[in-house]
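The sequence lines fix the lettering, A, B, ..., with proteins before strands; numbering per chain opens at 1.
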2 protein chains.
Amino acid sequence: MATYDPLKRALKKEGLRYTQQRQSVWDELCATNDHRDAEEIYLAIRQSGLNVSRATVYRTIDVLVKNKMVRKLELGDGRARYEHKINATHHDHLICIQCGKIEEFMDEVIESRQDEIVKKFGYKLVRHIHQLFIICSECESP
Amino acid sequence: MATYDPLKRALKKEGLRYTQQRQSVWDELCATNDHRDAEEIYLAIRQSGLNVSRATVYRTIDVLVKNKMVRKLELGDGRARYEHKINATHHDHLICIQCGKIEEFMDEVIESRQDEIVKKFGYKLVRHIHQLFIICSECESP
DNA sequence: TATATTCTGAGACTCAATCTCAATAAGAAT
DNA sequence: ATTCTTATTGAGATTGAGTCTCAGAATATA
C-alpha cells in the first residue's frame, strides 16, 4: 500500500502505535484530492465498512497535520477542511462563496512580496493564509 | 459624539431602532484600534457601568459588519476579532503566534496580483483573507 | 399618551471539536 | 504463542463561541 510507509514512519517518530483506525483515516484522506471536513472523512470510513469513532478521526488528523502529511484549512465557517500533501507543492486557495468549490493557486510574486514585508518588520514568517473568496463562472452565469 | 451619526444612519438604512445598547457596542468598538473579540467588547461595556447582554453584543456587531462599519477577523482559533473602520484604509494582518500581537500591512503589488489571478480563472473576486503568521522581534529575542 | 412593533436579556440551544475513562488492542518480553 | 505493560479506542459527556427563543421592556408613530 502506497500510503502505508509514511504513516508508519510518522507514528514511529512520534512514539505512537500503528493501528487499523489510524491507517483508515490516512487512507481515506489520500483517497481523493478534495478538501473535506472531519465529518466527511468519518462518514466515508464508516461507509467502507470500517469502524472508527469521531474522536479517533480528530486525533489522527492532528497527528497527520503535525507531521505535515495533511494540511488543515480554516475557511472561517467553523468547519476545518483537510487535504493530503502527497505530491503536493505549496499553493493557496480560491473559494466560491456560492457553491463552496475550492481551487488552488500559487504566485511567486506574492510569495516573495510576503517575505519582503515580514523582513521589513523585522519578523520571522512562520506560515501564511491567503484565501480569495470568489464567485465562480458556473455560479455567476448558470 | 463623533460615533453617533454613522450609527444612526446605518440603523435607519436597515430599518432598525436606535438604542442605548447598540450605541454602547459601537462606542466601545471605536474606543480603541485593537482587534478584540466579542467577549472583550462585552466585558468592557459592563466595566463602564452599562448593562448589555452577550446576545445584543453579537447582534449589534452583525449589523455593524453588514454595514461595513466594523471588520470581522477570523484568525483560525475559533474566536473572531473585530476592528472599527473609522478612517481605515484597506489592509491585511501580521499575527504573532507567540504573543498574539496583530499588525497591519498593505501591498499594492499583492493586491493587483490577486486581481490578475482571479481574472485568469474567469472568476469574480468578492473578498480576500491574507494573514502572515509570524514571530515578532520581541518574542524572537526577549 | 396610547398603540403597535421592535429590542433586550437570561438562559437554552447548536455544532465542531475536545476530553474522560473503562474496555480493548498493540507490541515487547518471555 | 502467551503474558504483561502501556497506548488506543469508542461512547458519550463536555467545552466554548455563537445563535435562538420568548416574555417583558423600550422605542417610534399617531
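- Cluster annotation: L75(A) is connected to V126(B) through the hydrophobic network of ILVMFWY side chains, with a link wherever side-chain heavy atoms come within less than 4.5 Å.
- With hydrogens and angles left out, the side chain of R59(B) and the base of dG18(D) share no donor-acceptor pair within 3.5 Å.
- Computed from coordinates, the N51(B) CG to dC7(C) C1' distance equals 14 Å when rounded to whole Å.
- Nucleotide dA16(C) holds its P atom 10 Å from the CZ atom of R81(A), rounded to whole Å.
- L11(B) and L50(B) fall within the same hydrophobic cluster, where Ile, Leu, Val, Met, Phe, Trp and Tyr residues are linked whenever their side-chain heavy atoms come under 4.5 Å apart, directly or through other members.
- Rounded to whole angstrom, the span from the CZ atom of R46(B) across to the P atom of dT8(C) amounts to 14 Å.
- In this structure a side-chain-to-backbone donor-acceptor pair under 3.5 Å is missing from H93(A) to H91(A).
- Distance from the side chain of A55(B) is smallest to dC20(D) among dC20(D), dG18(D), dC19(C).
- Following rounding to the nearest Å, Y42(B) (OH) and dG18(D) (P) show an atom-to-atom distance of 15 Å.
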For nucleotides 24-30 of chain D, give me one character per nucleotide, 5' to 3': B if any protein heavy atom sits under 4.0 Å from the base, S if the only such contacts are to the sugar-phosphate, - if neither. --BBS--
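- Put simply, the side chain of R54(A) never gets that close to the backbone of E39(A): no donor and acceptor are under 3.5 Å apart.
- When rounded to the nearest whole Å, the span between CG of L16(A) and P of dT9(D) equals 9 Å.
- Around the NZ atom of K101(A), the shell of radius 6.0 Å holds more than 12 heavy atoms that belong to other residues, nucleotides or ligands.
- Here the C1' atom of nucleotide dC7(C) and the CZ atom of R22(B) are 6 Å apart, to the nearest Å.
- OP1 or OP2 of dT19(D) has not a single side-chain nitrogen or oxygen of Y58(B) nearer than 4.0 Å.
- Between the CG atom of D77(B) and the P atom of dA16(C) there is a distance of 18 Å, rounded to whole Å.
- Of the two residues contacting DNA chain D, namely E74(B) and G15(A), the nearest-nucleotide position lying further toward the 5' end is that of G15(A).
- Of the possible donor and acceptor atoms, none in the side chain of E28(A) sits under 3.5 Å from a partner among the backbone N and O of E40(A).
- Distance CH2/W26(B) to CG/N67(B): 10.0 Å, rounded to 0.5 Å.
- For R54(A) and dT14(D), the CZ to C1' distance is 15 Å, given to the nearest whole Å.
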